[in-house]
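Take a look at the structure below.
Every chain is numbered from 1 and lettered A, B, ... according to where its sequence line falls, protein lines coming before strand lines.
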Number of protein chains: 2
Amino acid sequence: MTFEFDAHTAVRSAGDDADGRYAADLDRGWVVGGGVNGGYLLALIGTALRETFPKKPDPLAVSAYYLSAATPGPATVAVDVRREGGTVATASAELRQAGAQGEETRIAALATYGDLDRLGDDVRTTAEEPVLPPPDACVANTFAPQEILDLAPMMGRFDMRFHPDHVGWAVGQPSGRGEIAAWFRLADGREPDPISLLMVVDALPPVTFDLGMMGWAPTLELTAHVRAKPAPGWLKVRHATRNLAGGMFEEDCEVWDSAGRLVAQSRQLARQPRPVG
Amino acid sequence: MTFEFDAHTAVRSAGDDADGRYAADLDRGWVVGGGVNGGYLLALIGTALRETFPKKPDPLAVSAYYLSAATPGPATVAVDVRREGGTVATASAELRQAGAQGEETRIAALATYGDLDRLGDDVRTTAEEPVLPPPDACVANTFAPQEILDLAPMMGRFDMRFHPDHVGWAVGQPSGRGEIAAWFRLADGREPDPISLLMVVDALPPVTFDLGMMGWAPTLELTAHVRAKPAPGWLKVRHATRNLAGGMFEEDCEVWDSAGRLVAQSRQLARQPRPVG
């Protein structure tokens, strides 16, 4: 059986192996607002890079600059290896689609890959795991109103259970703290891995919902660090912002696995949503 | 009068304007351990990008992947504009030097530039400014032992005043909290600006000093967000880490200006220093 996440992020070599070009199809199941979810696109780029570095299959750091909105349909990932040697390898990668102006770049990225199994076991994490009530005591994304589901078909990919204190925005009562935490797993039961974590860091609603700013927040830049292979089971995902200024905000994301380990961290710079209505 | 920071980060167009190549000289005043300080190199790349985008002169987000150690002497910055339009512009940039294998890439970077003067005035920062005793009640970097100054000539570029509680490592008593905060200004009085902030985020000693791990921590990746133009005067710089694991750690940096504004944030992924002795 192929899980839908793997089918949707599949890439195939486009012609001669050596030229570093991969073909993909952006699935419309990941549409959100006016584009395709940035985390899904990052995981798709991440898959092309994993194909490029079979002996260094894990993303350690990935930085993506979002240049234009992607649309469902054919796309190309062009990989350019910048250095490979020792325990890590670095490449640039661009996601491109045919557009009105010819081939247009949707995302420009840089990434360093390695082998998470070959890292040491020394763990000294002082960050604290988010505290969430059990999943069944949280608010499921399946309770989202139909208008949200219509706007964000990607909600159908996930089973998310929000902290009850972090969903006041859904009923017009945002907390104002700038924090959203939730349990997370893929709806079809596919277990998390280093590639899927690249999607998970951009899967929750924008943290600005919790500041009372509804509307989607376009990402300018997102950098993710994958720090360990996640254990199977529910993930805990926490988004927070501490500096909304000048029409932009940073969104920090932490992903914790079922073994209580901080497996991924990300930060993105996004545009503040324009007030609605 | 030309301040030394401006002289050291100067770039000149290398040949035909349109080809996006800039020549530079890496000054040996920025040597630290076995290489040239990564923040200085980031500011130098940032200067080439400012030349590329005269109407969008300010770095909003810059991500740098450090591929090999730079050495003092000639270098080239190759800029490739990936998108320019609307209020922001994005380019890739590489810092290269002649090496044993021909031209070698030291740093591969992506950056989005804009005009910080054209952003809105809306500021809702919940992050808290670091609390530091007055500069004269802090520990100046000029008190560093000669062996440190010999290892890190770049210390001569700065006037840094460390929080007295954050320099226990200098006398063999690190706090173990993973935090270092200091007042910061350039030694010759040059005031901070958006470009110099790219250097400031990587100027302090590695935060691992405060965990009792002496030795330099090679950066794999660093992303900086410049969020506002800094006011003149002392900056406050705070480094912290919360997740040291698998031989790597993240180092978060905040830079606050004399007006109490959070003007830059950065995060880097670095290799844990090897134990000394």
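- Looking at R83(A), its side chain never comes within 3.5 Å of a backbone N or O of E104(B) through a donor-acceptor pair.
- Interface check for chain B: of the options A127(A), G247(A), A111(A), the most heavy-atom pairs under 4.5 Å are formed by A127(A).
- Contact tally against chain B (heavy-atom pairs below 4.5 Å) for L211(A), T241(A), T125(A): the top residue is T125(A).
- Rounding to the nearest 0.5 angstrom, the gap separating the CG atom in L244(B) from the OG1 atom in T126(A) is 9.0 Å.
- For a residue to count as touching a neighbouring chain, one of its non-hydrogen atoms must lie under 4.5 Å from one of that chain's; by this rule E221(B) touches chain A with the side chain only.
- Taking chain A as the reference chain and counting heavy-atom pairs below 4.5 Å, the highest number among R118(B), R177(B), M248(B) is found for M248(B).
- Q265(A) touches chain B through backbone and side chain together, each having a heavy atom under 4.5 Å away.
- Per-residue heavy-atom pair counts under 4.5 Å with chain A were compared for V123(B), T223(B), L269(B), and the maximum is reached by L269(B).
- For R267(A), the parts sitting under 4.5 Å from any heavy atom of chain B are the backbone and the side chain alike.
- Ranked by heavy-atom pairs under 4.5 Å with chain B, the first of Q272(A), E250(A), R261(A), E128(A) is E250(A).
- The CG atom of L220(B) lies 6.0 Å from the OG1 atom of T112(A); values are rounded to the nearest 0.5 Å.
- For chain B, no part of S92(A) is nearby; none of its heavy atoms comes within less than 4.5 Å.
- Most heavy-atom pairs under 4.5 Å with chain A: of the set R124(B), E94(B), R227(B), this distinction falls to R227(B).
- The structure places CG of L119(B) at 9.0 Å from CZ of R271(A), a figure rounded to the nearest 0.5 Å.
- Looking at S266(A), the atoms closer than 4.5 Å to chain B (heavy atoms on both sides) all sit in the backbone: N, CA, C or O.
- Under the 3.5 Å distance criterion, the side-chain polar atoms of Y65(B) are matched with a main-chain donor or acceptor of L110(A).
- Remark: N243(B) CG to H225(A) NE2 distance equals 11.0 Å, nearest 0.5 Å.
- At a 4.5 Å heavy-atom cutoff, the contact between T105(A) and chain B is made by side-chain atoms alone.
- Of the charged side-chain nitrogens involved, at least one lies within less than 4.0 Å of a carboxylate oxygen, so that E254(A) and R242(B) count as a salt-bridged pair.
- In this structure a side-chain-to-backbone donor-acceptor pair under 3.5 Å is missing from R82(A) to A108(B).
- For A228(A), no part lies under 4.5 angstrom from a heavy atom of chain B.
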